[in-house]
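Remember, predicted model here, so these are calculated numbers, not experimental data.
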Amino acid sequence: MHNRSFKLAMSLSTLVATAALAQDTAPGQIALEEIVVTGTNIRDVPVIGSSIQTIDSEAVARSGRATVAEMLRELPANFAGGVANSDNNRGGQDTASSGSNLTGGSGVNLRGLGALSTLVLVDGRRVAASGQFGDFVDISNIPAVAIERIEILPDGASAVYGSDAVGGVVNFILKRDLEGLHTLARVGTTTQGGGDEFLASAAWGQKWDTGRVVLGYEYSDRGHVRAADRDMNGDMSARGGVNWPLYTRRVGTAANIFTGSANYTGNVAYMAPQGPGTGLTVADLTPATGGIGYTSDPWLGWDILPDMTRHSMFLTGDQRITDRVSMYGSARLTRRDGLYRTGYVDLVGTVPTTSPYRIAGVTNNFSVLVDELLTQRDVSVESYGAELGVRVELVNDWMLDVTGSHSREKQTRKAQVERDANIGDFIPTGAGFVAAPNSVTCSLSGLNSANIGSIASPTAAQTYCAGLNYTAFNPYSTQRLPQQVVDQLIGFEHLQFNSWITQGTIKADGTLIELPGGPLKAAIGFDHRKEFIDGELDFNYRSIAPIHQPYGETERKVNSAYAEFAVPIVGRGNAVTGVQALDVSLAVRHERSSGLGDYSSTDPKFGLRYKPADSLTLNGSYGTSFHAPQMRFAYNGPQPVSGGNAIFTTPAFWTAPCDTTLVELNGQFDSPTSCSFTSMIVSGGAGPVLKPEEADTWTVGIDFEPLSVPGLRLGASYYNLQIDNRLVRITQGLLPGILANYFATGTSPYLSNLDFNPDAATVQALFDDPRFIGHSGPGTPSVPGDIAAIIYATQTNLASLKTDGLDLSARYRWETGLGNWELFANGTVVLSYEMQGTPGSAYVDKLGVYESTGNPLRFKSKQGISFARGPLYAAATVNYTDDYQCLSGCYVPNATGAPVLNTAPVKIDSWVTLDLQVGYDFEGHGGVLAGAGVRLSVNNALDENAPFIDTGTISASNAPEPYDATNATIIGRTVSVTLTKSF
């Protein structure tokens with residue numbers, strides 16, 4: 001169905017154009033008050049067969065949220081898995097600012113299908129992609145002051161919009177109808193500490209006989225929230241979790257010395273004393289009790305929310321040129337800057353025999369915290385958007401609309417990182433060349449041009465280090481390190497990505513013919529867009545000398561043709577008992593791309609609306625949709641960072657049961673049941689072999705507004721969705737659960753991405769691959785013979801997904817002598833969410849199952865009551881998130897307190913929070929109060945903690961979080977006061 005002939009779209013377009021030219025008309029004026037409706041290309045026609053949720057600017061203001069992203073996160077149909085969470089500083093490579101979401105942006109994830117499958121628009125136009133992979137639209141760059149309303153279509157819509165509209169569409173409509181000056185100031189804070197906020201905005205509008213203009217500015221500043229403000233320190237034993245520092249954070253400001261290899265989880269033999277650390281002997285060392293040694297807080301010095309400042313401006317305008325022609329346009333500009341504090345660098349290594357600080361009689365395999373420098377990550381975004389269009393009245397009510405738009409994102413991240421690799425220099429070996437030692441290794445060597453002569457036959461590695469003339473690093477000293485040594489140990493990364501999209505559209509719409517039920521309207525159009533992403537990286541954390549590395553440019557051109565019909569079979573003119581209205585719609589779009597990752601798809605959609613009575617409306621729709629692979633997924637050129645297209649070795653990250661025969665183990669890891677193995681990770685793009693995801697969606701719904709109960713409205717909509725060729729990737733967060741399942745069962749849905757005990761030729765080819773960037777994480781660098789597993793963490797058209805559910809809504813408004821009241825409730829019930837890992841395999845139920853990338857929960861809702869009396873407004877809203885469970889990949893303490901992966905389901909409790917708002921508009925007041933208003937908002941008024949879950953630290957050395965950031969926040973109670981004034 002997705003690859004039908006282009007002739008279908010062209011024939012429909014020809015039919016509409018011919019009919020339009022046959023109409024007789026007289027010229028008339030063009031109205032500026034055009035109604036934009038998300039989900040259809042036909043003006044002034046409601047979407048047939050699907051429900052649209054509208055959130056106006058007043059609802060945005062009354063939400064009490066500081067940003068649009070925070071407000072949309074609370075919607076029941078939007079699930080926060082992926083990049084939809086703001087407090088994700090240290091998560092997996094796809095979601096956090098440490099990974100591909102390099103500036104900490106926020107996306108939208110309707111139906112839990114991922115941000116890739118929700119199309120985000122501004123005034124119906126596409127927006128440039130964000131993140132290193134270009135796999136979401138960053139809605140945190142859209143200022144609230146610019147928004148007139150947000151329209152949400154939770155239904156497939158590729159027949160109208162093309163690629164990405166699988167889970168639905170979110171359309172931000174900008175303000176165009178404003179008079180006078182409207183100002184706002186908001187101050188807020190969290191009651192647990194940190195997160196102070198200030199927001200100020202001004203919007204000015206002016207109208208005249210033939211046009212209008214709106215100009216606005218918004219400034220936002222939010223202070224950081226430290227992990228220490230929320231008692232996050234890695235010790236979860238008081239809540240039934242693991243005291244992680246004892247097992248995976250065996251590192252302190254003074255050095256540990258291990259019995260075996262240097263490892264944060266290894267057995268500590270001795271602890272170094274406080275002091276200069278020179279001339280030490282075994283007698284000066286303190287034997288470690290229980291093999292633990294010094295430990296430290298993995299969240300020490302970390303932010304869970306960064307400092308963030310944003311400046312945003314917008315401009316919209318409309319101008320009638322003649323009676324038949326008008327122009328319209330808009331422009332947006334946002335600059336957002338953030339600062340993440342990212343803790344202290346911790347080192348593991350070996351003090352070699354050439355070091356003047358080596359201690360005789362011990363392994364000299366050590367761990368130590370470099371507390372001289374609190375590292376940070378600076379991020380910034382420059383976001384632009386502009387649109388210019390011309391509308392021309394043709395004949396009768398037919399309108400020609402020609403629109404061009406351009407959107408651009410420039411994203412930058414500057415970070416301080418341990419200098420743990422060297423991909424720029426090579427030294428000779430018997431078989432050829434190998435990577436030269438890294439900066440940390442050479443700092444430990446103690447070698448320089450003055451003392452290298454004392455070695456009779458220095459190795460190539462020793463000669464290389466001596467040539468750098470580094471100052472020797474003494475890991476046994478607790479005194480402040482010289483700045484030169486700090487610079488040798490900690491390097492920099494400057495990463496920049498640019499993405500832009502240019503779109504041009506020609507559309508004609510109007511009435512084809514008058515039917516007994518009303519006008520049969522149609523739209524035809526042609527759309528062209530060009531998408532582009534490139535980037536560049538400057539760094540020295542994986543090299544000795546600074547290296548500049550451009551990222552490969554990716555470009556795609558997309559052409560589309562579409563047609564749409566709205567057919568009123570029964571309307572006011574021919575209604576009969578039992579059929580007050582009957583409308584059908586048909587839309588079809590053919591889209592074809594050229595460039596990186598070519599695709600072609602033809603997608604229809606049918607809609608039906610039936611009103612058996614004025615109080616009852618039945619809706620239904622069926623259509624196909626698709627999501628084209630992002631260009632970065634189709635690009636597999638070298639990108640020398642572990643979050644890009646790269647290959648690297650990890651000798652101590654991943655574990656298996658110590659009695660397994662499925663993989664070759666390194667030895668004991670942190671308990672008698674958990675042992676490590678050396679792996680090789682192939683991450684990033686899969687190359688131009690990926691196919692679009694293809695979806696079939698159908699919905700049925702009912703809206704009931706009984707005439708006998710004025711003010712009551714009930715709604716229910718059922719959706720059913722199946723996606724084939726679903727793009728999946730093994731991520732850092734998923735891998736522990738995948739490995740646990742594999743070692744327990746001997747198989748995995750991801751088996752094609754896992755190569756255990758690979759052959760030597762395959763391993764050597766990856767070592768020789770230009771994407772290879774060497775060693776990552778704790779442990780010593782690996783050689784080909786060490787590799788026990790290859791994990792291909794690349795995108796794959798592997799899975800199929802089936803999901804269905806219900807969107808429910810209820811509203812009852814009534815008036816009393818005290819004022820006007822409203823009860824409201826909105827919720828989403830997910831009935832099923834099943835994944836087929838590989839073609840032909842069984843579907844696995846993922847509903848309500850914890851995974852780091854996020855799965856939908858069974859139920860999520862918002863309900864409450866509001867009251868208004870003249871200028872006074874008050875509301876109380878209860879937010880409910882259902883309980884769910886972790887089947888695998890979570891950690892529990894065993895009988896001795898050591899962390900082990902769960903073998904029985906772990907329940908994650910439901911979460912209920914209360915939001916309170918009260919506001920007063922000084923209507924009728926004169927003087928300074930004229931046009932003023934004040935609003936108090938208290939979100940999570942009862943300060944309910946997020947449900948506890950132990951996410952662990954063994955995987956990817958991430959610090960443990962005591963909650964699931966995809967379904968809850970750890971910010972706690974927030975209080976804000978907003979003042980408004982209109983002139």
Side-chain angles (χ1 to χ4, degrees), residues 87-91 192-194 224-256 258 263-268 271 286 288-305 341-346 348 367-369 371 374 652-653 655 669-671 673-674 733 736 778 850 852 886 889-902 906-909 943-965 968-972:
D87 54 330
N88 193 352
N89 183 8
R90 205 172 178 179
Q192 292 188 36
H224 67 128
V225 176
R226 302 176 305 159
D229 293 330
R230 298 299 180 270
D231 296 325
M232 290 175 59
N233 58 18
D235 183 359
M236 303 183 188
S237 56
R239 303 182 68 178
V242 174
N243 185 351
W244 283 99
L246 296 179
Y247 300 98
T248 62
R249 187 68 176 178
R250 294 174 180 175
V251 57
T253 55
N256 288 322
F258 296 92
N263 194 311
Y264 301 121
T265 62
N267 188 68
V268 178
M271 298 179 290
T286 302
T289 301
I292 294 175
Y294 295 119
T295 65
S296 58
D297 173 9
W299 283 104
L300 182 64
W302 276 85
D303 289 339
I304 55 175
L305 275 181
R341 294 159 186 85
T342 54
Y344 300 97
V345 168
D346 42 66
V348 293
S367 69
V368 72
L369 197 68
D371 59 354
L374 179 62
F653 275 171
T655 64
F669 185 62
D670 63 6
S671 75
T673 60
S674 185
Y850 166 78
S852 64
C886 177
C890 296
Y891 290 88
V892 294
N894 65 9
T896 65
V900 294
L901 284 166
N902 65 308
V906 174
K907 181 182 179 182
I908 306 168
D909 293 333
D943 207 19
E944 293 290 336
N945 290 326
F948 174 72
I949 178 176
D950 194 334
T951 60
T953 63
I954 291 177
S955 65
S957 72
N958 290 335
E961 295 176 318
Y963 73 110
D964 174 13
T969 71
I970 201 171
I971 305 307

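- Distance check: Cys886 SG to Asp950 CG gives 9.5 Å after rounding to the nearest 0.5 Å.
- Checked options Asn256, Asn263, Thr265; the residue passing with Ser367 is Asn256 (criterion: side-chain contact (heavy atoms from CB on, under 4.5 Å)).
- For the pair Pro960 and Trp299, the tightest heavy-atom approach, listed with the atom from each and the gap, is O-NE1, 2.6 Å.
- Within the 4.5 Å cutoff, the side chain of Ile970 has heavy atoms near those of the Pro962 side chain.
- Contact check for Tyr891 versus Leu901: side-chain heavy atoms found under the 4.5 Å cut-off.
- For Asp229, the side-chain hydrogen bond (donor to acceptor under 3.5 Å, both in side chains) test picks out Arg226, with sequence neighbours left out.
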Chi angles and distances behind the side-chain contact (heavy atoms from CB on, under 4.5 Å) call for Asp235, Trp244:
CA-CA 6 Å; Asp235 183 359; Trp244 283 99; over 6 Å; no
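- For Asp303 (side chain) and Thr342 (main-chain N/O), no donor-acceptor pair under 3.5 Å exists by modelled atom type.
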Before you tell me yes or no, could you show the steps for Asn243 and Met236 under side-chain contact (heavy atoms from CB on, under 4.5 Å), namely the whole-Å CA-CA distance, both residues' side-chain angles and the distance that decides it to 0.1 Å?
CA-CA 5 Å; Asn243 185 351; Met236 303 183 188; over 6 Å; no
Verdict with supporting geometry, Tyr294 and Val251, side-chain contact (heavy atoms from CB on, under 4.5 Å):
CA-CA 6 Å; Tyr294 295 119; Val251 57; over 6 Å; no
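- At least one side-chain heavy atom of Arg250 sits under 4.5 Å from a side-chain heavy atom of Val268.
- With hydrogens and angles disregarded, a donor-acceptor distance shorter than 3.5 Å links the side chain of Arg230 to the backbone of Gly193.
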Start with the C-alpha gap between Ser237 and Val242, add the side-chain angles, then the distance that decides, and say whether side-chain contact (heavy atoms from CB on, under 4.5 Å) holds.
CA-CA 5 Å; Ser237 56; Val242 174; over 6 Å; no
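- Contact record, Asn233 with Pro298: O-CD, 3.3 Å, taken as the closest heavy-atom pair.
- Side-chain contact between Asp909 and Phe948 is absent, with no heavy-atom pair separated by less than 4.5 Å.
- Expressed to the nearest 0.5 Å, how far CD of Gln192 lies from CG of Asn945 amounts to 6.5 Å.
- There is no side-chain donor-acceptor pair under 3.5 Å between Asp297 and Trp302.
- Taking the charged nitrogens against the carboxylate oxygens, Asp346 and Arg249 do have a contact shorter than 4.0 Å, which makes a salt bridge.
- Proximity of Ile949 to Val906: side-chain heavy atoms (C-beta onward) are nowhere separated by under 4.5 Å.
- Annotation: side chain of Tyr247 is not in contact with side chain of Tyr264 (no heavy-atom distance under 4.5 Å).
- Minimum heavy-atom separation, Ala946 to Ala968: CB-CB, 3.7 Å.
- Side-chain atoms of Pro245 and Ser296, non-hydrogen and from C-beta on, never get closer than 4.5 Å to each other.
- A search for side-chain contact (heavy atoms from CB on, under 4.5 Å) contacts involving Tyr344 returns Leu300, Leu369, Asp371, Leu374, not counting sequence neighbours.
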